[in-house]
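Working notes, structure below.
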Amino acid sequence: MHWISFLSVTLKGSMYLGTLYVSLTFIVPVTKSLMESYFATSVSFNLDTIYLNWNTSFPAITVCELYNSEKIWDTSDALFGIEHDFHIDDFVGEIAFFRGSCTSCEICQRVQCPDNFTQLLDVFRSKCHELIVECQYLNQIFDCCDQFLPILTEYGVCYTFNSVQARKVAQVQFKNNRMTGAGNLKFLATADIQVNVHPPIDVPFLFSEGMIRETVLLGNNKELILNVIEVYNHESVEELNHEQRRCRYSHEYDEHRIGIYEFYSFSGCIVECTVTLQLLYCNCTSHFMAVPSKNSLPMCDVQGLICLTDIHDRLFAERKSCDCMSSCEEPEYNIIYNSADDKQDSEKDFSDIHVALVELPTQRYVRRVSKTFLDLLISFGGLISLFFNLSALRVVEAIFMALEYRKEVLKWINRIFIGTLKYLKILIKLK
């Protein structure tokens, strides 16, 4: 009789193992699909239209001075004398308004060029109070240079309004809601400028796509009317790692950062990545990024700038491959109205700039966690239950039953073991 019991147990075990083997062919691909779905679609975007109590970020407005040949000539005459070599004007112009290459640096092999780039920037670039005057926000007059703060960019030192990076404070200063109404900013510029409109966390950078950038020549007026779509992040989003949500928060550490900017942003990451490449190939970076009072980066001399010029195209290609994620906190600004250049008043000594939101937004995007670790756990539990009719309750129940009937279990194990030995002896005798 023992061999019949043994055979019965063996058949049951074989059936269980066979069922397990067949089930694995289904469990493995389904498990793989669950994992891929969890990591690929952990975050979802929903449209929110309950807009009564929103705070909407007014954009950062960054003003950068443009190259002006007449100003360069006049300042050069005053600094170097009327009889100076006019090739120096080209060199000084490329230094003061550096754009990644310096073709005139070659003349320094036969002409004595000024080598104090910091002094040249101080003389040939306008200060904030010289460049921006008569500022108003929401029709309230303010001192321009109290709010237009200097910031390091690839265009040199620019002056930016409502920038988180310039203020070095994580919270946006100027927000709009039902109490304030839609924001509007007015100011006058006393030189040719480039007006950059971007999210408060960002900075202007070369070759940027999608960032609003307008050139305003002296005497022309410019009016920009914008709408904004805010992105709100649900609290649970921050619990995910940046690979799952596919964006970074401004306070998150990035191993590639070299400390030029206080907070993480996509544009800041691109700039710092480019500086890293410059240090790699030329052991120095441009005088726009290496500022002794701000950081300890090595500044390129004339030979260093020649090196940067030689690798300019290579840098342009490689910076596109920089490992930079988008920011989780970037509103989207779109132009509703953009005034044409007003050339009739081009004889004026100033340009009138007006940037405003068309209205408070009536919708925003909400980034939410669509699949948490608990959802993944529930999916796995359902999968195991489907194929093995197993649950946590059954496991606990089996443990308690094993403890309660342990004597009987041990007796049956002993019988099976002894029966197996007797069965083997019978087989040996038969041989």
Quick one, [X] and [Y] - any side-chain contact, counting heavy atoms below 4.5 Å?
| X | Y | answer |
| --- | --- | --- |
| M289 | I260 | yes |
| I107 | D90 | no |
| L279 | L297 | yes |
| I258 | T276 | yes |
| L152 | F288 | no |
| I88 | V111 | yes |
| E214 | V197 | no |
| I212 | I335 | yes |

Take the SG atom of [X], take the SG atom of [Y], and say whether they are under 2.5 Å apart.
| X | Y | answer |
| --- | --- | --- |
| C108 | C105 | no |
| C284 | C300 | yes |
| C282 | C307 | yes |
| C324 | C273 | no |

Answer yes if the ring centres of [X] and [Y] are under 6.0 angstrom apart, and no otherwise.
| X | Y | answer |
| --- | --- | --- |
| F161 | F174 | yes |
| H198 | Y333 | no |
| F58 | Y137 | yes |

[X]-[Y] side chain donor-acceptor pair, cut-off 3.5 Å:
| X | Y | result |
| --- | --- | --- |
| E106 | H87 | no |
| T285 | Q278 | yes |
| R99 | Y155 | no |
| T309 | S101 | no |
| D202 | S267 | yes |
| N220 | S351 | no |
| E238 | N233 | no |
| E329 | Y264 | no |
| S208 | R213 | yes |

query: Taking the side chain from N177 and the backbone from T180, do they hold a donor-acceptor pair closer than 3.5 Å?
result: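 Here the side-chain-to-backbone pair exists.
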Calculate, to the nearest 0.5 Å, the distance between atoms [atom1] and [atom2] belonging to [X] and [Y] respectively.
| X | Y | atom1 | atom2 | value |
| --- | --- | --- | --- | --- |
| I95 | F91 | CD1 | CZ | 4.0 Å |
| H251 | R248 | NE2 | CZ | 11.0 Å |
| Q194 | L217 | CD | CG | 11.5 Å |
| N139 | K186 | CG | NZ | 5.5 Å |
| Y249 | M325 | OH | CE | 13.0 Å |
| I151 | S163 | CD1 | OG | 4.0 Å |

Please determine if [X] and [Y] form a salt bridge, counting it only when a charged side-chain N lies under 4.0 Å from a carboxylate O.
| X | Y | answer |
| --- | --- | --- |
| E65 | K127 | no |
| R245 | E252 | yes |
| K222 | D352 | no |

Which heavy atom in [X] sits nearest to a heavy atom in [Y], and how many Å separate them?
| X | Y | value |
| --- | --- | --- |
| T153 | Y261 | CA-OH, 3.9 Å |
| T62 | C158 | CG2-CB, 3.6 Å |
| S126 | K71 | OG-NZ, 2.7 Å |
| R125 | A96 | NH1-O, 2.7 Å |
| I82 | F86 | O-CZ, 4.1 Å |
| F98 | S286 | CE2-CB, 3.6 Å |

Less than 3.5 Å apart, which donor and acceptor atoms pair up between the side chains of residues 223-232 and the rest of the protein, not counting sequence neighbours?
unit_1, atom_1, unit_2, atom_2, d
E223, OE2, H354, ND1, 3.3
E230, OE1, S57, N, 3.2
E230, OE2, S57, OG, 3.3

field: For F97, all residues meeting ring-ring contact (aromatic ring centres under 6.0 Å, His included), sequence neighbours excluded
entry: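 Only Y67 meet the ring-ring contact (aromatic ring centres under 6.0 Å, His included) criterion with F97.
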task: Just do the side-chain contact (heavy atoms from CB on, under 4.5 Å) check on N184 and L357 with the steps written out, would you?
output: CA-CA 6 Å; N184 65 84; L357 298 182; over 6 Å; no
message: Please determine whether side-chain contact (heavy atoms from CB on, under 4.5 Å) holds for the pair V169 and V164, giving the CA-CA distance in whole Å, both sets of side-chain angles, and the decisive distance to 0.1 Å.
response: CA-CA 6 Å; V169 177; V164 168; over 6 Å; no
task: Would you indicate whether L280, at its atom CG, is surrounded by more than 12 heavy atoms from other residues, nucleotides or ligands within a distance under 6.0 Å?
output: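 Counting neighbours around CG of L280, more than 12 heavy atoms of other residues, nucleotides or ligands fall under 6.0 Å, so yes.
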Greater than 12 external heavy atoms within 6.0 Å of D146's CG: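 Yes.
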message: With salt bridge (charged side-chain N to carboxylate O under 4.0 Å, His left out) as the criterion, how do E154 and R319 come out once you've worked through the C-alpha distance, each side chain's angles and the decisive distance to 0.1 Å?
response: CA-CA 13 Å; E154 292 182 310; R319 66 186 276 154; 3.0 Å; yes
- request: Starting from the C-alpha separation in whole Å, work towards a yes-or-no answer on side chain to side chain donor-acceptor pair (under 3.5 Å) for T103 and E94.
  value: CA-CA 8 Å; T103 56; E94 289 204 75; 3.0 Å; yes
message: Please enumerate all residues that pass side chain to side chain contact (heavy atoms under 4.5 Å, CB included) together with C135, with sequence neighbours excluded.
response: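 With sequence neighbours excluded, C135 shows a side chain to side chain contact (heavy atoms under 4.5 Å, CB included) to I132, F142, C144, F148, F187, given in chain and number order.
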task: Kindly indicate, with the supporting measurements, whether the criterion side-chain contact (heavy atoms from CB on, under 4.5 Å) is fulfilled by R314 and Y281.
output: CA-CA 10 Å; R314 184 176 183 179; Y281 294 125; 3.2 Å; yes
- request: Walk me through it: do N162 and I61 pass the test side-chain contact (heavy atoms from CB on, under 4.5 Å)?
  value: CA-CA 7 Å; N162 201 35; I61 311 298; over 6 Å; no
message: Using the rule given for side chain to side chain donor-acceptor pair (under 3.5 Å), can you reason through D143 versus H129, listing the C-alpha separation, both sets of side-chain angles and the distance that settles it, and then say yes or no?
response: CA-CA 9 Å; D143 187 321; H129 66 275; over 6 Å; no
